[in-house]
Trainee: 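Below you will find the structure I want to go over with you.
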Amino acid sequence: MSILFSDFTILTPGGDVQEHAFVGILGDRITYVGQEAPEGDWQRIIDGKDKLLMPGFCNSHAHSPMTLMRGYGENLILQEWLRTRIFPFEDKLYPEAVYYATLLAMAESFRYGIVSTSDMYFFSDDMVKAYLSSGAKANVARSLAGFDEDEDMYGMTSFKEAKRLFEEYNGAEDGRIKVDMSLHMEETSTEKLARQLAEYSRDIGARMQVHISESESEHEGCKKRHEGRTPVAYLNDLGLFDSPTTAAHCVWVEEEDRAILREKGVTVASCPVSNLKLASGVADIPALMEAGVAVALGTDSVASNNSLNFIEEMKFFALVNKERRRDPTLITPREAFYAATRAGALGQGRTDCGLLEEGCKADLTVLDLKAPGMHPTFDLYSNLVYSASGSDVTLTMIDGKMVYEDGEYLTIDVERAVHETEKARVEISAQVG
Ligand SMILES: [Zn+2]
């Protein structure tokens, strides 16, 4: 398929806004970006009047099947929320429920311009099935947890699932599907498990996803459990960051932690909305950036967000960080946009994603610029981060394939996904009370 985006406003890799640009797509790649209409026999030409074409968003930390728990368990502290609501509900999950909930999450993602998701959960086969059928791009990870100090990882069912998933799907669909390894977090794992997984991941060349220092109790508890070492220091000692790692949250990390994160090339997936809702705290993103740590953006689960609206996520990301240090000069709209796109793609090991540039994968989003709230335009980046709504997205394309356009979900039967997810919600609710 060849598509020409004709006469669009675009956001260039250098952070500039360019008007009257032409962008050609051939197969899954961007093959032309320029001010002149390119020669060629385009199968489709899309008119760009009053429209912005930009790289799609990369959701660097999510648990997509938890879409099923949107609005379930509100106004509770993190530990109580997990213990009394989330874990009992998750205990009753079944493959079909996970499949449709993931599909629903992908529909919502496309609607808000998300093209790629780092996804950590279980029932991974059903998640992969949903990415395959919907055309979504994902780094999926079967998360490992364990509390028995003597248990050997290689005998764990969850590990076997992660291993098989990696062997079966890593790199599938021309790299659209990647399989990462995942340690759930320090608090929910033993030293032996963390060490064994770190070794295994390094040996097979996988990437790593992990939760780090989300809550103060987790961070301080880790220091008590491990001779004063923070989660970053402890997991680094066990070799976890020898694999390219995405660490979600990092709200409570300390100065020495930031040096380790930078040295190990860890990408921090900041999840400001989830952190605010669970009152976990606000990560000191400017300090991480000043220390040279790569910072990307994630929604975390819809159970703690309760949305995949990525424009909203960018806005919160900028605002909470200004307030945290009482400094309005911090986190510019361009920095927020970079965290939401290119930084996330790099964290997923996708060097050819997250930029509107010739040779890159055609992972694109179109935003309506006609909306009254998008005018006047002094700086388009400011309008994008602070004024736009997620619903201003009109088109989302992944690997050159249209997945959402003008209210239509082109790869997902969204009514079915809604119906089946509601059905699963009723069924599971009846069991957990
Ligand atoms: Zn999470």
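Whatever order the structure lists them in is the order used to number ligands and atoms, beginning at 1. As a basis for the values below, the full set of heavy atoms in this structure was taken, side chains included, without hydrogen atoms, waters or symmetry mates.
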Trainee: Could you tell me which N, O or S atom of Asp300 is nearest to the Zn ion (ligand 1)?
Mentor: OD1

Trainee: Any N/O/S atom from His249 (main chain or side chain) under 2.8 Å of the Zn ion (ligand 1)?
Mentor: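 False for His249.
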
Trainee: Assess His211: does it contribute an N, O or S atom lying under 2.8 Å from the Zn ion (ligand 1)?
Mentor: yes

Trainee: Can you find a side-chain donor-acceptor pair between Ser116 and Gln348 that sits under 3.5 Å?
Mentor: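 Checked: Ser116/Gln348 side chains pair up, N/O donor to acceptor below 3.5 Å.
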
Trainee: Hey, can you tell me if His211 and His249 have their rings parallel, tilted or perpendicular (30° and 60° cut-offs)?
Mentor: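 Geometry flag for His249 against His211: parallel rings.
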
Trainee: Checking one value in my table: which N/O/S atom of His63 lies closest to the Zn ion (ligand 1)?
Mentor: NE2

Trainee: For His61, what is the atom name of its N, O or S atom nearest to the Zn ion (ligand 1)?
Mentor: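 Of all N, O or S atoms in His61, the Zn ion (ligand 1) lies closest to NE2.
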
Trainee: I'd like to know if the side chain of Ser189 reaches the main chain of Met185, judged simply by a donor and an acceptor atom lying under 3.5 Å from each other, with no hydrogens or angles considered.
Mentor: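 Checking the backbone N and O of Met185 against the side chain of Ser189, a donor-acceptor pair under 3.5 Å is found.
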
Trainee: Side-chain contact, heavy-atom cut-off 4.5 Å: Tyr121 with Thr102?
Mentor: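 Of all side-chain heavy-atom pairs linking Thr102 with Tyr121, none is under 4.5 Å.
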
Trainee: Would you say the ring centers of Phe159 and Tyr154 fall short of 6.0 Å from each other?
Mentor: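 Yes: the rings meet the under 6.0 Å criterion.
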
